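Throughout, numbering of the chain's residues begins at 1 and tracks the sequence. Predicted model only: the values in this text are computed from it and were never measured.
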Amino acid sequence: MAKRDYYEVLGIKKSASKDEIKSAYRKLAKKYHPDVNKEKDAEEKFKEVQEAYDVLYDDQKRATYDQFGHAAFDQNGGNPFGGGFSGSGFGFDFGDIFEGFFGGGRRASRQTGPARGNDLLTRVRINFMDAINGTKIEFMHTYDKMCETCQGKGAENANDIHTCSKCNGSGVETFVQESIFGRVQSQRACTSCGGSGKTISKPCKSCNGAGYTRVKEKQLLNIPAGIGEGQKLRIQGKGERGLNGGPNGDLHVEIVIKPHNSFKRVGNDIYLQIPISFVDAALGVTLEVPTVYGNVEVKIPAGTQPGATLRLSGQGVKDVRGNVGNQYLEVEVKTPTNLSKDQKVALEDFKKAEPKKETFFEKFKSKFKR
């Protein structure tokens, strides 16, 4: 399924300012957040909105997107910058496919010099509060590490590396095969040098000529305060191994955040439901209310109704870009179920003191009089 245009996803024009992008994102993120919206496709829409925001709010990514579109960020191919994420286990050289049918039509071109490896993607799961305050985590990662002895060359020294005599350093060899078009000339990776264009007379003893070793290492990752769900951090040089002594790609770490039992995050805003008694709702009260940064004193005004929302300015998430959200308190008015004798007497006195015609029900009922 083709991706929708990012500007269309956020409902903004291509000339939109960063403030307009942020405003559109906050509105849609709150609408589709899975903790708020229980519709089946809400989570997918939320991810689509988050992805569009991550690209368009970043000036460099936005400029790249405006020039190349989704292809600039497509991890399945078509990336104009090369590389891309790897690890799927599937790779197709379309040049080889065409060569199989039309071998005489063009000459194969192979990279025989050093080439950077592809990037890899992994995910780590962190606690809600660690995402708010930032943290450091360690995790194990297995990858192909460039051999420190031969620096990826696979030989004991430079004099042990020779140009392949079978392909003359081109990395390809020509062969004839039968096809539906008859006998055709095709090309493939040289069977002597594996396509590198080089042969080694004395392989490196540390890596047996491979140029790399398979290692499992502990990685330390600094997670900045305010990081959001799905955002990625990069660890340089821990991706897929390079070719012919080229450097490794990078490891991109996607952040997955565990939900909190009480706090809910929507963008940079925090939502918290607080229960109060109907007496406190009627008379007003001052309470110490939890926030993600500690308790703050909040005045609940007299006459607060069930479902009312109070805003605590600046008590939301301080994200990695320096933006600060708010915390919203959703008031839940509780009615007691087990009253003491004194409480019942007090409420009976209150009921007697309330003019009958001014009760909530009487006011409601009066609307139906003809």
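- The closest side-chain donor-acceptor pair between Glu297 and Thr286, if any, does not fall under 3.5 angstrom.
- Atom CD in Glu138 sits 4.5 Å away from atom NZ in Lys218 (nearest 0.5 Å).
- Looking at heavy atoms from C-beta onward, Cys167 lies in side-chain contact with Cys193 at the 4.5 angstrom threshold.
- Heavy atoms only, all atoms of each residue included: His252 and Asp119 are closest at NE2-OD2, 3.0 Å.
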Q) Please walk me through it: do Arg188 and Thr191 pass side chain to side chain contact (heavy atoms under 4.5 Å, CB included)? A) CA-CA 8 Å; Arg188 64 190 175 198; Thr191 54; 4.2 Å; yes
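- Cation-pi geometry between Lys30 and Tyr328 is met: the NZ or CZ atom falls under 6.0 Å from the ring centre, inside 45° of the normal.
- The minimum heavy-atom distance between Pro259 and Phe128, with the atom names listed, is C-CB, 4.5 Å.
- If you check the side chains of Asn268 and Asp319, you find a donor sitting under 3.5 Å from an acceptor.
- In the hydrophobic clustering of ILVMFWY residues, with side-chain heavy atoms under 4.5 Å counting as a link, Val320 and Ile270 come out apart.
- Within 6.0 Å of the NZ atom in Lys166, the count of heavy atoms belonging to other residues, nucleotides or ligands exceeds 12.
- The shortest distance between side-chain heavy atoms of Lys205 and Thr149 does not fall below 4.5 Å.
- Nearest heavy atoms, Ala155 versus Ile200: CB-CG2, 3.6 Å.
- Residues Ile235 and Lys238 have side chains in contact (heavy-atom distance under 4.5 Å, counting atoms from C-beta outward).
- With Arg265 contributing its side chain and Gly267 its backbone, the two residues share a donor-acceptor pair below 3.5 Å.
- With a 4.5 Å cut-off on side-chain heavy atoms, Thr64 and Asp66 do not count as touching.
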**Q.** Chi angles and distances behind the salt bridge (Lys or Arg N to Asp or Glu O under 4.0 Å) call for Glu51, Lys47
**A.** CA-CA 6 Å; Glu51 180 180 329; Lys47 290 181 179 178; over 6 Å; no
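- Residues Val124 and Leu233 have side chains not in contact (no heavy-atom distance under 4.5 Å, counting atoms from C-beta outward).
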(Q) For a side chain to side chain contact (heavy atoms under 4.5 Å, CB included) check, start with the C-alpha distance between Phe278 and Lys334, then their side-chain angles and the critical distance, and finish with the verdict. (A) CA-CA 6 Å; Phe278 72 95; Lys334 293 288 189 178; over 6 Å; no
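- Cation-pi geometry between Lys318 and Tyr293 is met: under 6.0 angstrom from the ring centre, within 45 degrees of the axis.
- Connection of Met129 to Leu221 is established within a shared hydrophobic cluster, with ILVMFWY side chains joined at heavy-atom distances below 4.5 Å, either directly or through further cluster members.
- When each of Leu272, Thr309, Leu310 is tested with Glu330 by the rule side chain to side chain contact (heavy atoms under 4.5 Å, CB included), just one qualifies, namely Thr309.
- In this structure, Tyr32 contributes its side chain and Glu48 its backbone to no donor-acceptor pair below 3.5 Å.
- Residue Glu288 places its CD atom among more than 12 non-hydrogen atoms of other residues, nucleotides or ligands, all under 6.0 Å distant.
- Within the 4.5 Å cutoff, the side chain of Ile227 has no heavy atoms near those of the Ile132 side chain.
- Residues Phe350 and Val285 fall into different hydrophobic clusters, defined by Ile, Leu, Val, Met, Phe, Trp and Tyr side chains chained together at heavy-atom separations under 4.5 Å.
- Between Lys61 and Asp54, the shortest heavy-atom contact is CD-O, 3.8 Å.
- When hydrophobic clusters are built by joining Ile, Leu, Val, Met, Phe, Trp and Tyr residues whose side-chain heavy atoms come closer than 4.5 Å, directly or via intermediates, Val324 is not grouped with Val266.
- Here the CG-OH distance, from Leu329 to Tyr271, works out to 11.0 Å after rounding to the nearest 0.5 Å.
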(Q) Working note: Lys145 + Glu217, criterion salt bridge (Lys or Arg N to Asp or Glu O under 4.0 Å); need CA distance, chi angles, decisive distance, verdict. (A) CA-CA 10 Å; Lys145 184 177 183 179; Glu217 290 182 344; 3.1 Å; yes
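- Within the 4.5 Å cutoff, no side-chain heavy atoms of Cys190 are placed close to those of Val172.
- Listed for the Glu240 side chain is no donor-acceptor partner under 3.5 Å among the backbone atoms of Gly117.
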(Q) The test is salt bridge (Lys or Arg N to Asp or Glu O under 4.0 Å); show your working for Asp144 and Arg241 and say whether it passes. (A) CA-CA 6 Å; Asp144 294 333; Arg241 69 175 182 270; 2.4 Å; yes
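- Taking both residues in full, the closest heavy atoms of Thr163 and Asn168 are given as CG2-C, 3.7 Å, listed atom of the first, atom of the second, then distance.
- Remark: side-chain polar atoms of Glu43 are not paired, donor with acceptor, to backbone N or O of Asp41 under 3.5 angstrom.
- Taking both residues in full, the closest heavy atoms of Arg62 and Ser15 are given as NH2-C, 4.1 Å, listed atom of the first, atom of the second, then distance.
- Side chains of Pro306 and Val331 form no contact here, defined as non-hydrogen atoms less than 4.5 Å apart.
- With rounding to the nearest 0.5 angstrom, the OG atom of Ser206 is 9.0 Å from the CD atom of Glu148.
- When the shell of 6.0 Å around NZ of Lys38 is examined, it contains more than 12 heavy atoms from other residues, nucleotides or ligands.
- We find that Asp250 and Arg116 are joined by a salt bridge, their nearest charged nitrogen and carboxylate oxygen being less than 4.0 Å apart.
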Q) Could you go step by step and tell me if Val253 and Leu251 meet the side chain to side chain contact (heavy atoms under 4.5 Å, CB included) rule? A) CA-CA 6 Å; Val253 184; Leu251 176 65; 4.2 Å; yes
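- In terms of the ring pair (Phe, Tyr, Trp, His ring centres under 6.0 Å) criterion, residue partners of His141 (sequence neighbours excluded) are, by chain and number, Tyr143.
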Q. Would Lys31 and Asn37 satisfy side-chain hydrogen bond (donor to acceptor under 3.5 Å, both in side chains), going step by step from the backbone distance to the final call?
A. CA-CA 7 Å; Lys31 178 180 179 181; Asn37 191 326; over 6 Å; no
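- Ring centroids of Tyr53 and Tyr25 are separated by less than 6.0 Å, placing the two rings close together.
- In this structure, Ile137 is not a member of the same hydrophobic cluster as Val256, with clusters built from ILVMFWY side-chain heavy atoms closer than 4.5 Å.
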Q: Check the pair Lys202 / Glu156 against salt bridge (Lys or Arg N to Asp or Glu O under 4.0 Å), numbers first and verdict last.
A: CA-CA 6 Å; Lys202 290 184 179 180; Glu156 286 193 11; 5.6 Å; no
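- A 6.0 Å sphere centred on CZ of Phe175 holds more than 12 heavy atoms belonging to other residues, nucleotides or ligands.
- Geometrically, Lys18 engages Tyr57 in a cation-pi contact, judged by NZ or CZ lying under 6.0 Å from the ring centre and within 45° of the ring axis.
- Within a 6.0 Å sphere centred on NZ of Lys258, other residues, nucleotides and ligands contribute more than 12 heavy atoms.
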**Q.** Worked check of side chain to side chain contact (heavy atoms under 4.5 Å, CB included) between Asp130 and Ile223
**A.** CA-CA 8 Å; Asp130 285 339; Ile223 297 179; over 6 Å; no
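- Residue Thr135 holds its OG1 atom at 8.5 Å from CG of Asn127, rounded to the nearest 0.5 Å.
- With rounding to the nearest 0.5 angstrom, the CD1 atom of Ile161 is 9.0 Å from the CG atom of Asn159.
- Considering CG of Asn326 and CG of Asp269, their distance stands at 5.5 Å, rounded to 0.5 Å.
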